[in-house]
Amino acid sequence: MEERVVVVDDDAIILRNANTVLTEAGFKVTCLKSGRLLLDYVTKNTIDMLLLDIKMPDLDGFDTMRLLREWERENGKREIPVIFFTASDDCSAETEGLSLGAMDFIRKPFVAEVLTLRVRHLLDLVRLQRDLHAEVERKTKEIEGLSLHVVQTIADAIDAKDTYTNGHSGRVAEYSKEIARRYGYSSEKQEEIYIMGLLHDVGKIGVPDAVINKPGKLTDEEYEIIKTHPVRGAKILQNIVEMPQLVTGARWHHERFDGRGYPDGLSGEDIPEEARIIAVADAYDAMTSHRSYRDVIPQEVVKSEFEKCSGTQFDPRFAAIMLEIIKEDVDYKLHEP
């Protein structure tokens with residue numbers, strides 16, 4: 001496939017010579033006489049390399065490149081590699097051009113062989129950079145996929161300890177991610193809170209099975225043991241230095257907006273936002289899951305609990321989002337199967 005090179009210069013002789021040299025070298029060449037024409041051209045065409053003169057009437061090369069980069073950012077386009085043409089030996093011009101992101105400068109009048117070699121070498125360099133970037137992205141996704149699989153396996157192991165919470169961590173993660181999405185979190189932050197949700201109960205690994213699975217009412221002593229799981233979870237997750245934010249969901253998902261939660265008695269905005277979201281998701285799944293002493297709580301009762309506890313147990317903003325989700329779930333499908 002021919003590589004597309006655009007030459008922008010107000011000098012007709014330079015355009016003609018560049019067109020001849022680059023076409024003979026095997027490139028598909030387009031010649032334009034102004035920066036304005038270029039800015040119109042890029043909206044309809046793809047360019048592999050841009051040769052841009054600095055001194056042009058109306059819009060010089062530097063201003064043209066600034067507008068080009070602005071258009072690329074606004075439209076999510078990949079940056080076009082730029083080589084500046086210049087007839088000047090002014091070092092300040094080169095400094096300005098390089099600061100704008102130019103890859104090279106070529107003196108006018110140019111030597112045909114130099115022009116061809118510069119364009120070819122820079123195109124090869126750009127291709128190598130893009131191939132490397134694509135490979136890094138592919139490997140990163142592989143590692144992220146493996147890491148997520150490991151986290152999901154750990155979450156399943158946590159849930160397996162509790163006879164009555166099959167799939168709890170996965171559902172809390174999904175609900176947390178949806179609340180975060182509706183609240184306006186970025187895709188990256190949504191994935192982050194999803195993993196926090198998967199691991200929020202990791203501290204239960206250190207709680208005796210006999211306490212977790214006791215069918216009757218817990219004694220005060222047993223309840224205090226259960227209440228240790230946020231701190232236990234935080235201690236486990238603080239060793240994952242690559243994702244220090246994981247501690248947030250584990251340690252503070254049982255804090256209350258009114259300050260009456262545990263383990264630290266935080267309140268309001270002092271509770272990390274992610275933990276406030278997970279607290280809502282966790283409570284919702286607790287009410288909509290089977291227990292030894294009850295079935296799934298009716299949807300209207302769940303709804304009234306969130307209305308009643310908004311501003312006390314829950315952050316009102318996230319309780320309101322949960323109430324939106326409940327309202328949309330007209331067939332009450334969001335509960336443990």
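Numbers here simply count residues along the sequence, with the first being 1.
Of all heavy-atom pairs spanning F257 and G311, the tightest one is CD2-O, 3.7 Å. Here the closest heavy-atom approach between residue L15 and residue V7 is recorded as CD2-O, 3.6 Å. When all heavy atoms are compared, the tightest approach of L218 to E222 is CA-OE1, 3.4 Å. Taking every heavy atom of both residues into account, P81 and V126 meet most closely at CG-CG2, 3.7 Å. A pairwise comparison of heavy atoms in I226 and V207 identifies CD1-CG1, 4.1 Å as the closest pair. In terms of heavy atoms, H254 sits closest to P230 at CD2-CG, 4.1 Å.
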Margin query: Could you go through L52 and V6, starting from their C-alpha distance and side-chain angles, then the distance that decides it, and tell me whether this counts as side chain to side chain contact (heavy atoms under 4.5 Å, CB included)?
Written below: CA-CA 8 Å; L52 182 59; V6 172; over 6 Å; no

Notebook entry, point to check: So I212 and K204, side chain to side chain contact (heavy atoms under 4.5 Å, CB included) or not? Walk me through it.
Noted result: CA-CA 8 Å; I212 287 179; K204 285 186 176 178; 4.0 Å; yes

Check: Could you walk me through whether M103 and V82 pass the side chain to side chain contact (heavy atoms under 4.5 Å, CB included) check?
Finding: CA-CA 6 Å; M103 297 190 72; V82 175; over 6 Å; no

Next item on the list: Take V42 and I47 through the test side chain to side chain contact (heavy atoms under 4.5 Å, CB included) and record every step on the way to the result.
Entry: CA-CA 7 Å; V42 295; I47 301 174; 3.5 Å; yes

Notebook entry, point to check: Could you walk me through whether K55 and D10 pass the salt bridge (charged side-chain N to carboxylate O under 4.0 Å, His left out) check?
Noted result: CA-CA 8 Å; K55 291 187 176 180; D10 62 321; over 6 Å; no

Next item on the list: Start with the C-alpha gap between E192 and Q245, add the side-chain angles, then the distance that decides, and say whether side chain to side chain donor-acceptor pair (under 3.5 Å) holds.
Entry: CA-CA 8 Å; E192 190 176 283; Q245 65 272 26; 3.1 Å; yes

Next item on the list: Start with the C-alpha distance between Y183 and E178, add both sets of side-chain angles, then the distance that settles side chain to side chain donor-acceptor pair (under 3.5 Å), and finish with yes or no.
Entry: CA-CA 8 Å; Y183 188 61; E178 178 60 14; over 6 Å; no

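A salt bridge links D58 with R36: at least one charged nitrogen is closer than 4.0 Å to a carboxylate oxygen. For the pair E305 and K308, the salt-bridge criterion is met [side-chain N within less than 4.0 Å of a carboxylate O]. Between R317 and E269, at least one side-chain N (NZ, or NE/NH1/NH2) sits under 4.0 Å from a carboxylate O, which counts as a salt bridge. Salt bridge status for K303 with E307: present, with a side-chain N to carboxylate O gap under 4.0 Å.
Checking E273 against Y185 by side-chain atom types alone, a donor-acceptor pair falls below 3.5 Å. For the 3.5 Å distance criterion, the side chains of R171 and S289 qualify, holding a donor opposite an acceptor.
Of the possible donor and acceptor atoms, one in the side chain of E255 sits under 3.5 Å from a partner among the backbone N and O of L266. Q299 places a side-chain N or O within 3.5 Å of a backbone atom of D329 that can act as its donor or acceptor partner. Here the side chain of T23 pairs no donor or acceptor atom with the backbone of T20 at under 3.5 angstrom. Checking side-chain atoms of E72 against main-chain N and O of K77 turns up no donor-acceptor pair under 3.5 Å.
Heavy-atom contacts from other residues, nucleotides or ligands closer than 6.0 Å to CD of E328 number more than 12. Sparse packing is recorded around NZ of K235, with 12 or fewer heavy atoms of other residues, nucleotides or ligands lying under 6.0 Å away.
Using a 4.5 Å cut-off on side-chain heavy atoms (C-beta onward), I278 and W252 make no contact. In this structure, I179 and R182 have side chains that are not in contact, with every pair of non-hydrogen atoms separated by 4.5 Å or more. Annotation: side chain of R181 is not in contact with side chain of K177 (no heavy-atom distance under 4.5 Å). Taking the side chain as every heavy atom from C-beta outward, L199 and I236 never approach each other to under 4.5 Å. By the 4.5 Å heavy-atom criterion applied to side chains, Y175 and Y284 are counted as neighbours. Here the side chains of D60 and T64 are not in contact, with every heavy-atom distance at 4.5 Å or above. In this structure, the side chains of R4 and T46 come closer than 4.5 Å at one or more pairs of heavy atoms. Taking 4.5 Å as the limit, some side-chain heavy atom of V202 sits within range of a side-chain heavy atom of L237.
Atoms CG and CD1, on L50 and I83 in that order, are 9.0 Å from each other to the nearest 0.5 Å. Atom-to-atom distance recorded for F318:CZ and I277:CD1 is 4.0 Å, nearest 0.5 angstrom. For the atom pair CD1 of I271 and CZ of F314, the computed distance is 11.5 Å after rounding to the nearest 0.5 Å. Within the model, atoms CD1 of I297 and OG of S304 stand 9.0 Å from one another, a figure rounded to the nearest 0.5 Å. Taking CG of L100 as the reference point, atom CZ of F62 lies at 7.0 Å (rounded to 0.5 Å). Distance check, rounded to the nearest 0.5 Å: CE of M322 to OG of S310 gives 13.0 Å.
The hydrophobic cluster containing L38 also contains L59, counting ILVMFWY residues as joined when their side-chain heavy atoms lie under 4.5 angstrom apart, directly or transitively. If you chain together hydrophobic residues whose side chains sit under 4.5 Å apart, L323 and V296 fall into the same group. Both V21 and L122 belong to a common hydrophobic cluster when Ile, Leu, Val, Met, Phe, Trp and Tyr are linked at side-chain heavy-atom distances under 4.5 angstrom. A chain of hydrophobic side-chain contacts below 4.5 Å, direct or via other Ile, Leu, Val, Met, Phe, Trp or Tyr residues, connects I321 to V280. The hydrophobic cluster containing M49 also contains F110, counting ILVMFWY residues as joined when their side-chain heavy atoms lie under 4.5 angstrom apart, directly or transitively.
Residues that satisfy the salt bridge (Lys or Arg N to Asp or Glu O under 4.0 Å) test with K44, not counting sequence neighbours, are D40. Listed by chain and number, the residues in a ring pair (Phe, Tyr, Trp, His ring centres under 6.0 Å) with Y41 amount to none (sequence neighbours excluded). For R127, the side-chain hydrogen bond (donor to acceptor under 3.5 Å, both in side chains) partners at least two apart in sequence or on another chain are E3, D124. Under the ring pair (Phe, Tyr, Trp, His ring centres under 6.0 Å) criterion, Y223 pairs with no residue, sequence neighbours left out.
Of the options H200, H335, H290, a ring pair (Phe, Tyr, Trp, His ring centres under 6.0 Å) to H168 is made by H200 and by none of the others.
Taking the six-membered ring for Trp and the full ring otherwise, H253 and H229 have centroids separated by under 6.0 Å. Residues F105 and F85 place their aromatic rings such that the two centres sit no closer than 6.0 Å.
Here salt bridge (Lys or Arg N to Asp or Glu O under 4.0 Å) pairs that include residues 11-34, with residues two or more places apart or in two chains, number zero.
Other cluster members for V111: V114, joined by side-chain heavy-atom distances under 4.5 Å among Ile, Leu, Val, Met, Phe, Trp and Tyr.
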